[in-house]
Structures are given as C-alpha cells and as structure tokens.
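Notes for the one structure printed next.
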Amino acid sequence: MPDSFRITGTGQLLTLAAQLRRAGHENIRQSYTRRIRRAAEPLRDDLQDGIRHLAITSTGRSAGRRGGRSPTTRPLRAAIAAAIRISVRTTGDPGAKIWIDRARLPSDVPMGVVTRLNEGRLRHPVFGNKRRWSQQNAPPGWWDKPWRDHRERITREVNRVADDVRRHLE
C-alpha cells in the first residue's frame, strides 16, 4: 500500500523541536515549517503529476459486447491527485509527512484502488457487477519512484534547514 512517507532526521529534529519550544521564537518555528514544507512540495507535485498522467490500459471490450460511458463523471486519477497532502510538525514527531487523505477520496474509491495502481494491476467488478470482472494495467511505482528520486534532495534540504535554525538558536 502506498503508505505515507515521513521526512525526518529523527534525533536531530527532536532536539531542534525541543530547542524551539524552549526559545519560544514563533517566527523561527514558522520559517522552519515553511522551509520543510517547501522541501517536500516538489515530491508532492511529482506524485500528483504521476497519478494524473498514469497510463491505465485494459484489454477493452470484445466485438459485439454492450458498453457505454462510465456512470460517474469524476475522473479517478484527478480525485487521487487531489487527495495527496503534506503535513509538517515541529513537536512530538517532527518532520514532514506526505500522504493520501482518505477523507478527500470519494467514498466509492477505497485505498485498495490506490495501492493496486501503485502495484500496476487493478482488478475490479464491471460497474459493480460482482459476476463480471475487469483488469486494468498501469506502469508500477507511480508512488514509490518519485519518492526514491527525491529522497536524497529532501534529506539534504531538511538537514540544511535544521542547521540554519540551530545556528540561529545558538
């Protein structure tokens, strides 16, 4: 399942969060969270672009079979892209988290659909008919690949932000 990703340097960020609380500098805390969010935004944008442009294919209908337009007007990929969020915390478990907000997904799209799209194979009943199933394929890793591509850059940026804040607090 495409779990949420946490961008942390645990020990370093925990120490820094404690120093921020003791110092009570609200503007430093806001700057810290804003800079960490900005470090994570390119990853979120790539994840959203990845799902929006994901090529989902199927074998199609056989000749002579009935068919028609989808009964829903909501595009699946756009709905998933809109549910990708970032949250930044400076206390407790400090860092950034990139995740899919289940509350923002339409009620008829379970998280399993997102997971299966990341795996590259989505099997589902045709218009809810449990006796008739369809399989759609997509290139695997729309969630995992951008994370691997951005991991090093984000880690560098978070460390740089933490060093800047630490220097300011000293």
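These values consider heavy atoms only, across backbone and side chains, with no hydrogens, waters or symmetry-generated copies.
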Could you tabulate the donor-acceptor pairs under 3.5 Å formed by side-chain atoms of residues 120-127, not counting sequence neighbours?
{"unit_1": "R121", "atom_1": "NE", "unit_2": "Q135", "atom_2": "OE1", "d": "2.9"}
{"unit_1": "R121", "atom_1": "NH2", "unit_2": "Q135", "atom_2": "OE1", "d": "3.2"}
{"unit_1": "H124", "atom_1": "NE2", "unit_2": "Q136", "atom_2": "OE1", "d": "3.0"}

Partner set under side chain to side chain contact (heavy atoms under 4.5 Å, CB included) for P140, not counting sequence neighbours: none

Ignoring hydrogens and angles, tell me if any N or O in the side chain of D101 forms a donor-acceptor pair with the backbone of A83 under 3.5 Å. no

Do the charged groups of E41 and R37 touch, with an N to O distance under 4.0 Å? no

With sequence neighbours left out, write down each residue that passes side chain to side chain contact (heavy atoms under 4.5 Å, CB included) with E157, or none if nothing qualifies. A39, R160, V161

Test item: I80 and L117 side chains (from C-beta on) under 4.5 Å apart, heavy atoms: yes

Distance col, row D46:CG vs W143:CH2, nearest 0.5 angstrom, shows 12.0 Å

Checking the side chain of W133 only, and the main-chain atoms of K130 only, is there a donor and an acceptor separated by less than 3.5 Å? yes

Would you say that more than 12 heavy atoms from the other residues, nucleotides or ligands in this model lie under 6.0 Å from the CZ of R151, or not? no

Non-hydrogen side-chain atoms of V114 and W142 separated by less than 4.5 Å: yes

Measure across I154 and A40 and return the closest heavy-atom pair with its distance rounded to 0.1 Å. CD1-CA, 4.5 Å

Would N129 and R132 satisfy side-chain contact (heavy atoms from CB on, under 4.5 Å), going step by step from the backbone distance to the final call? CA-CA 6 Å; N129 181 354; R132 187 160 176 86; 3.9 Å; yes

Using a 4.5 Å cut-off on heavy atoms from C-beta on, say whether the side chain of N137 contacts that of I56. no

Tightest non-hydrogen contact, residues L105 and M111, listed as CD1-SD, 3.7 Å

Set of side chain to side chain contact (heavy atoms under 4.5 Å, CB included) partners for R148, sequence neighbours left out: D144, K145

State, yes or no, whether a side-chain contact exists between K97 and I86 at a heavy-atom distance under 4.5 Å. no

State the NE2-CD1 distance between H150 and I98, to the nearest 0.5 angstrom. 8.5 Å

With sequence neighbours excluded, tell me which residues meet side-chain hydrogen bond (donor to acceptor under 3.5 Å, both in side chains) with D49. none

For R38, give me all partners under side-chain hydrogen bond (donor to acceptor under 3.5 Å, both in side chains), at least two apart in sequence or on another chain. none

